[in-house]
Asks: 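Got a structure here, written out as structure tokens. Questions coming.
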Amino acid sequence: MTFEKFGLSEPVLKALQATGYTTPTPIQQQAIPLVLNRSDLLGCAQTGTGKTAAFAIPTLEILSSAKGSGKGYRHIRALVLTPTRELAIQINDSFAEYGKFTGLKQEVIFGGVSQHPQTKSLQEGTDILIATPGRLLDLMNQGYIYLDHLEIFVLDEADRMLDMGFIHDVKKVIRELPEQRQTLLFSATMPGPISQLADSLLHNPEKVAVDPVCSTVDKIEQAVFMVHAADKQPLLEHILKQDSNRRTLVFARTKWGADKIAKNLNKAHIRAESLHGDKPQAARQWALQNFKNGRLKVLVATDIAARGIDIDNLTHVINFDLPNIPETYVHRIGRTGRAGAAGIALSFCDGKEKAYLKDINKATGQSIAIVDHPFQKATAPQQNHPRPKKGPSSKQHNNFHRRKNQAAAV
Ligand code: AMP
């Protein structure tokens, strides 16, 4: 099997030859012909399988072979939504590599950095936009991004979107997309809310899977939320409200902190108990028993109290406070992802904890992905919803706002 067999055009084939790829990976073999055929697609595949090229190559082919491509103002015709800035950058690099002879333009946007270079490039027009959900919504609301001309929508790592608390943002973006479009959804696992989203999003989708089980990932997924200390509690509540079926162990640095977090969660109607050494033995056992049998979904514990906990199906560990000792971090996240089950470890990092994060990354030899979220403060001053200087016409602008108002009224 070679890439020539897909009937790709010269510019795309030339770029693929330059990358040194000779044989399409299994996900590419399955997905590329289906996407070229303009089918919606549900892909079960993890990072590392070649899934980026599986959607990037046919997207570039479709956009570049369309009549009039590259002429006039460039409207966004393909949107790739992905959960982390690291993935967004990686995907952007892949599009740049495979698309370098197509003449198509692409932009990447993500949060946590000044929006100005991004909005400046967007005003010049782009064919392909790669984005994280928070920054995309923000710039859409400010009137910098219009998706009226969208032809292809790729939702990448859908399950991580859910795990990281972005699913509502994703749904808001989807409400702004034109009905007539091709949609490709990729997810390593298929939890209930994602298969419901897939049902509502995809029209007669073709299904491709490189791991037919499509249910577990073999390692713990990790992410960091940069957040002000005062916003940690609302961020925790936001994440926990995404999916009430999770079993989450929240780590707090102090006993007092664990009590306060649990108390505030209960106030926010999220049932939670704290677990620490100052609690009477009977209360600790009661909390642990309920957590084990699934009646209690959220337990807030200190390191010492959590030491003996061995619970099946613990899906999430959340470090409300980052530990100052890297080994403690490794120990904490090891509470999840047991026996081959999927595990997610999310950490909140405030200004004072940045040094701890650095130590953890150094000790574990990794760079934990930093993700966007609704409680991060923009580093750049917010503008007063300026109109783009160039680009979409006032009619498109008005259409965008009319649709938004309609959506708000429903
Ligand atoms: P992904 O799963 O998209 O993150 O891709 C994983 C890695 O596989 C990336 O480094 C790609 O450059 C590489 N890759 C993708 N497709 C191919 C291919 N057909 N042959 C060789 N390497 C590939």
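Just so it is clear, the model here is predicted, and its values are computed rather than measured. We count residues from 1, following the sequence as given. Whatever order the structure lists them in is the order used to number ligands and atoms, beginning at 1.
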Asks: I need the nearest protein heavy-atom contact for atom 6 (C) of ligand 1: residue, atom name and distance, please.
Replies: Gly48 CA, 3.7 Å
Asks: Examine the proximity of ligand 1 to Phe55 and report which part, side chain or backbone, both or neither, has a heavy atom under 4.0 Å away.
Replies: neither
Asks: So, are Lys232 and Glu353 salt-bridged, with charged N and O less than 4.0 Å apart?
Replies: yes
Asks: May I ask you to decide if Met226's main-chain N or O and Gln376's side chain share a donor-acceptor pair within less than 3.5 Å?
Replies: no
Asks: What's the separation between atom CD1 in Ile152 and atom CZ in Arg77, rounded to the nearest 0.5 Å?
Replies: 8.0 Å
Asks: Would you say that Phe6 contacts Met1 through its side chain, given a criterion of any heavy-atom pair below 4.5 Å between the two side chains?
Replies: yes
Asks: Which word best sums up how the rings of Phe375 and His238 line up, parallel for under 30°, tilted for 30 to 60°, or perpendicular for over 60°?
Replies: perpendicular
Asks: When only distance counts, is Pro24 in polar contact with ligand 1, meaning an N/O pair under 3.5 Å?
Replies: no
Asks: Please work out which of the three classes, parallel, tilted or perpendicular, describes the rings of His373 and Phe225, given edges at 30° and 60°.
Replies: tilted
Asks: Which ligand 1 atoms does Thr23 reach within 4.0 Å, using its non-hydrogen atoms?
Replies: 18 (C), 19 (N), 20 (N)
Asks: When you measure from atom 13 (C) of ligand 1 to every protein heavy atom, which one gives the shortest distance, and what is it?
Replies: Tyr21 OH, 3.7 Å
Asks: Considering heavy atoms of the protein only, find what lies nearest to atom 16 (N) of ligand 1 and give residue, atom and distance to 0.1 Å.
Replies: Gln28 NE2, 2.7 Å
Asks: With heavy atoms of Thr49 as the reference, note each atom of ligand 1 found under 4.0 Å away.
Replies: 2 (O)
Asks: Is any heavy atom of the protein nearer than 4.0 Å to atom 8 (O) of ligand 1?
Replies: no
Asks: State plainly whether the residues Glu157 and Lys51 are in salt-bridge range, i.e. N to O under 4.0 Å.
Replies: yes
Asks: Could you tell me the residue and atom name of the protein heavy atom closest to atom 3 (O) of ligand 1, and the distance to it rounded to 0.1 Å?
Replies: Thr52 OG1, 2.6 Å
